[in-house]
Structures are given as C-alpha cells and as structure tokens.
Amino acid sequence: MTDNTPTITRDGAIAYDATEIVTINQATGAEFARYPVAGKEEAASAVAAARSVSGAWWDLGFEGRAERLRAWRRQIALSGEEGAALIHAENGKPLDDARVEVLGTLEHLQYAADNAARVLERREVPASPTTPNQRAWVEYQPYGVVGVIGPWNFPLLTPAAILADALAAGNAVVLKPSQITPGVAEWLIRTWQRAVPDLPAVLQNLNGYGATGQALIEAGLDKLAFTGSVATGRMVAGQCAQTLTPVLLELGGKDGVIVAEDADLDEAAAHIVWGAMQNTGHGCISLEVAYVVESVHDEFVQKISELAGQVRVGSDEDAEIGPVPLPSQTSIIREHIQDALERGATVTVGGLDAVGDRYVAPTILVGVAPDALAATEETFGPTLAVIKVADADEAVAHINAGRYGLGSAVFSRDRGEAIARRLRVGMTSINDALVFSMNPAVPFGGRGDSGYGRKQGEEGLREFAYAHSFTAKTGPARFSASTFGRPAGAMAGALAGVRNGILAESGEKSD
C-alpha cells in the first residue's frame, strides 16, 4: 500500500497544493489575508514575462541598473514601517526584529548597487606564451531568469539579499515566497513597481505552496536559489538536475559554538543566549549546541541559565521572541527536548512545559549526549544544548563530525582565530554571534547538508553571473598554434625552450 501522506519539513508539506492561501495574524491567531495560488500556467507566464525584459535590463548596464536599485532602496525605506508591520503580523517576530530585516535589506541593496560593476566588469587576463598574438579577457554575464524560493523565518532579508545580487548582476527574477508570509513579498514587489515602473516584470512574485515552487522550476529557469530545509532542498536539487539548471542551496544548520577555557564568560553568555534564542531560534545559523571546556562549564551554565530565563516571550511590545508560525515545528522542538532528557540531559531553564501550541519559551539542556537529536539534528527553536568537552580540540572534532556546515562561533581571548580556522563550516564569528550575517560584503553559505553556493559579497554577485571568456587575434604569429601545417620541429623547439627555462630557474643545466 502506497503512503500518500505529504512529507512534512520546516518549509511545510512538500508538494502540498491548494487554490488559496489563508494567512493568520500570529499575535492573535485570526485570519489576516487571502491570496490566490499560482499554478503551472501562472508560473510559465511569469518566467516568459521575465525573459522578455531580461535583455532590456541587461542593456541598462551596471550604472543603469544601480540607479534603479537605488530608487528601489528609496521606496523600501519610505515604506519600511509598512513592511516591518507585515513581517510582524505574518511571521510573528517582534516589530523591532522586523525593522532589522528592513534595515538589512537596505544595506544589501546599497552593497550590490555600489559594487556590482567593480566585481563583474570586464577583466583583462594575461596572454599565453603559446599564443602571444592573442588578447584575452573575461566578461561576467547574467544567467537570464533566476527563480528565488524564500523562507518564512526571515521572509524579507533572506530573499532580498539574493534578489540584490541577482538583479545587480543583470538577471530578471521571479520570487516564490513561503506560504506563511506572502504579504511580505507582495509589499516588496509593490515597492519595486513604484521604483522601476518602466520594467516591472524584471521582478515578480508567485504565491503558493510547494507545488508552486515545483511549477516555477518546470517553467524553464536559468538558475534557482532555494532557502529552506534539507529535505526540501534535496527534492529541489533533484528536480533541477533533470534539466541541469544550476542551483544555489541555503539549507539547514546545526551551528555549534565553542567556549574555550580562556573565554570571557560574561561576553560569551550574552552573545550565545541571543544567538540561540533570537527570532525564536528560527534561523539556519542559530547557535544550537554549545561545546564548553570543562574548566569553565559550570560557571558558563549558570550565566546562560540566568540570562535565558529573562528572555520575554509573546507578541506584545515588550516581547523579545515571538510565536512559532509553523505549527508542525513545535512537535519537532518537543521531540528533541524529550530525546535529550531520555538520554540523561537535565534542564536548567524551560523544558517540555515550555513548549506550547504556538509559543515556546527558551530551554537550556545540560549534559546532552553528543548523539542526541538536540545535538545532531536541526531543532529550529529557542533551545540550546550544552555539551561538556575536555578541550577545544574535542569541540572542533564534534563540530566537524556533523553533517551540517553552515555557521559557528568561537569564544577565546587568545586562540579564537586559530580555533575557528580548523572548523569545516562556511562562516564563523569570533567572540560574538552571527555577525557574519550582518555584513553584506561577507559571503554567506555552507557545506555538507547545509548546501552549496554563496549569497552576499563578491562571491554572491558572481553566483548570479557566469564567466564568458574571450580571445582576439591582435596580429600574425611566428607560427600558428591553431592550424595544421606547422613548421617542422616547431613544437619540439618550443618544448625544449620551456624545459631549459624551467631548469634554469633552479640553477640546473640542460643536457
């Protein structure tokens, strides 16, 4: 008998479909808005419209696109409070945290507009000794139409960082936001249309569930950027592989933090509690496991327990973390806590009683087994698993043995950089938490089950442009390397000359 039950991930149900999205106000649980769901026809139409204007967008050149990105930045800034209010309503995070997403978006747009030409402009390369009569250069050209499938945990900032890179590189873009936060995307598209009324189809959105994302991929994209769970990412990568569509994957994380014996424990505790609990722990780069050297373990646990117990949960103005907008996620958080307790962990703050239907209070788990779910699988909630280690070497070994490899943090007064360099992850903050995500010039991405590819920084701009190499003949050659009928002995003489030069470099003589 075939099981047709949809696979549930933190993105929702894979391949789930419906004709309408009904969003809720996370603070009240009441209906917030309704949106029609886009199907295959709408996806095909959106991609076709994007392709029809992609040439005109590229023809504007770097400065022309930068001018429009700056106009878009202005529109986002002017209506930033509206955008923040939508994030607060649909996602549930505190209003100030929603404002942080708007501010981050403005920074990413500024970086892309200011740096795209420098990073992606035509680049001359040296001529080859074999073909000295050939000039060579590289140009970075856009893929064409890029699809972006965004998440609900950072419904504005995460896709906007990708949109900034893709648009600055010369691509047209179709965005498919999470079904939990479609209003945020609708608002973002409205700001684009006000800023760039002559080319509105350069940036569009499609609302829907997993099936809409599948339809977007099937519509003939030139590249896809996906942010979400590992399970959904594997499915997306498999679908893209059928057409050899390149894909950027920003997937899950089980980010570890190392607290060395020489760490400033007050600083470490403050940053780690925030890094674990901010945004209700709904971050692929949230700090979920603390590996603490035994000589400072007990004091550190005391400090983080005190701080975590003070974090305010709710939806009012005083709240520091909000509700869990995806109902199925609370069961995963509860399962991870239960598993840790059954394996011998103890709770200093929170616990199973802290997990409600919509709100989850911070939980600190101490004495967690290294193979517990809370130490190995993405919890995506306001929990921190603490594991005592003998030294930083053991902590590094634990992190590197995991299947994820996204972000991390290291706290050490004297050895932070040396420890961090040994971690097989994409990003590390030293004596702080998650700061690598706050600088648009810093590449963002991971390895292993955390995905591949990069957004942000120079690498992010190049992620959405391919290298087109050129050579041009500048004059006659002593002999042609690219035709038949070379002079007898030409290649033998060339090889002998190179060999003699190599020998001369080391002081040797040819026979």
Side-chain angles (χ1 to χ4, degrees), residues 10 24-29 80-81 83-104 151-158 180-181 184 253 255 257 265-290 300-326 329-330 333-334 336-337 347-365 379-386 407 409 429 432-435 437-438:
R10 67 172 169 84
I24 66 169
N25 185 314
Q26 297 294 338
T28 64
E81 286 295 333
L86 281 166
I87 296 170
H88 172 63
E90 290 189 331
N91 170 278
K93 68 178 60 181
L95 192 56
D96 267 1
D97 282 1
R99 293 185 177 110
V100 168
E101 290 205 46
V102 178
L103 288 167
W152 53 264
N153 58 324
F154 288 93
L156 175 61
L157 182 55
T158 292
I180 295 175
T181 54
V184 178
D255 290 8
V257 52
L265 295 186
D266 289 322
E267 282 280 304
H271 289 300
I272 291 170
V273 168
W274 179 83
M277 309 302 169
Q278 60 84 33
N279 201 41
T280 319
H282 301 324
C284 52
I285 57 171
S286 293
L287 298 177
E288 295 199 1
V289 189
F300 174 76
V301 168
Q302 181 180 354
K303 290 179 181 296
I304 62 170
S305 299
E306 181 179 343
L307 291 174
Q310 298 171 11
V311 176
R312 299 185 297 273
V313 185
S315 294
D316 57 22
E317 292 184 0
D318 294 328
E320 294 175 303
I321 64 174
V324 178
L326 185 66
Q329 197 63 38
T330 56
I333 298 169
R334 186 179 293 109
H336 286 198
I337 295 173
V347 169
T348 62
V349 175
L352 291 172
D353 292 341
V355 184
D357 292 334
R358 296 186 58 241
Y359 291 90
V360 178
T363 289
I364 302 292
L365 293 161
T379 305
F380 224 62
T383 67
L384 180 66
V386 181
S429 284
D432 214 314
L434 318 189
V435 178
S437 68
M438 302 176 189

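The structure displayed is predicted, hence computed values, not measured ones. Starting from 1, each residue takes its place in the sequence as its number.
- Side-chain contact between Thr383 and His336: absent, with no pair of heavy atoms (C-beta onward) separated by less than 4.5 Å.
- Between Gly322 and Pro94 the shortest heavy-atom distance is N-CD, 4.0 Å.
- Not counting sequence neighbours, the partners of Asp432 by the side chain to side chain donor-acceptor pair (under 3.5 Å) test are His271.
- For the pair Asn153/Pro325, no side-chain contact is recorded, criterion being any heavy-atom separation below 4.5 Å from C-beta on.
- Separation of atoms CG (Leu307) and CD1 (Ile272) is listed at 10.5 Å; rounding is to 0.5 Å.
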Practice prompt. With side chain to side chain contact (heavy atoms under 4.5 Å, CB included) as the test, would you mind laying out the steps for Leu384 and Met277 before giving the verdict?
Written response: CA-CA 8 Å; Leu384 180 66; Met277 309 302 169; 4.2 Å; yes
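- Contact between Ala319 and Gly314 at its shortest, heavy atoms only, is CB-O, 3.3 Å.
- Taking every heavy atom of both residues into account, Trp274 and Ala433 meet most closely at CZ3-O, 3.7 Å.
- Scanning all heavy atoms of the two residues, the minimum distance from Gln278 to Ser286 falls at NE2-OG, 3.9 Å.
- Under the ring-ring contact (aromatic ring centres under 6.0 Å, His included) criterion, Phe380 pairs with Trp152, His282, not counting sequence neighbours.
- Atom CG of residue Leu365 and atom CD1 of residue Ile337 lie 6.0 Å apart, to the nearest 0.5 angstrom.
- Atom CD of Glu90 and atom CD1 of Ile180 lie 9.5 Å apart (nearest 0.5 Å).
- Once rounded to the nearest 0.5 Å, the distance linking CD1 of Ile304 with CD1 of Ile364 reads 4.0 Å.
- Looking only at side-chain heavy atoms (C-beta outward), Ile87 and Thr181 stay at 4.5 Å or farther from each other.
- Using a 4.5 Å cut-off on side-chain heavy atoms (C-beta onward), Pro323 and Thr280 make no contact.
- The structure places CG of Leu95 at 4.0 Å from CZ of Arg99, a figure rounded to the nearest 0.5 Å.
- Screening residues 302-311 for side-chain hydrogen bond (donor to acceptor under 3.5 Å, both in side chains) gives Asp266-Lys303, Ser305-Thr348 as the qualifying pairs, with residues at least two apart or on separate chains.
- Rounding to the nearest 0.5 angstrom, the gap separating the CE atom in Met438 from the CG atom in Leu103 is 12.0 Å.
- The shortest non-hydrogen separation linking Pro155 to Asn91 is CD-ND2, 4.3 Å.
- Minimum heavy-atom separation, His88 to Lys93: ND1-O, 2.7 Å.
- Each salt bridge (Lys or Arg N to Asp or Glu O under 4.0 Å) pair with one or both residues in residues 270-287, not counting sequence neighbours, would appear here, but there are none.
- Of the possible polar contacts, none joining the Thr379 side chain to the Ile333 backbone as a donor-acceptor pair under 3.5 Å is found.
- Looking only at side-chain heavy atoms (C-beta outward), Pro362 and Ile321 come within less than 4.5 Å of each other.
- Within the structure, every pair that satisfies the salt bridge (Lys or Arg N to Asp or Glu O under 4.0 Å) test and touches residues 307-319, not counting sequence neighbours, is listed here: Arg312-Glu320.
- Ser437 pairs by the side-chain contact (heavy atoms from CB on, under 4.5 Å) definition with Ile285, Leu434, Phe444, not counting sequence neighbours.
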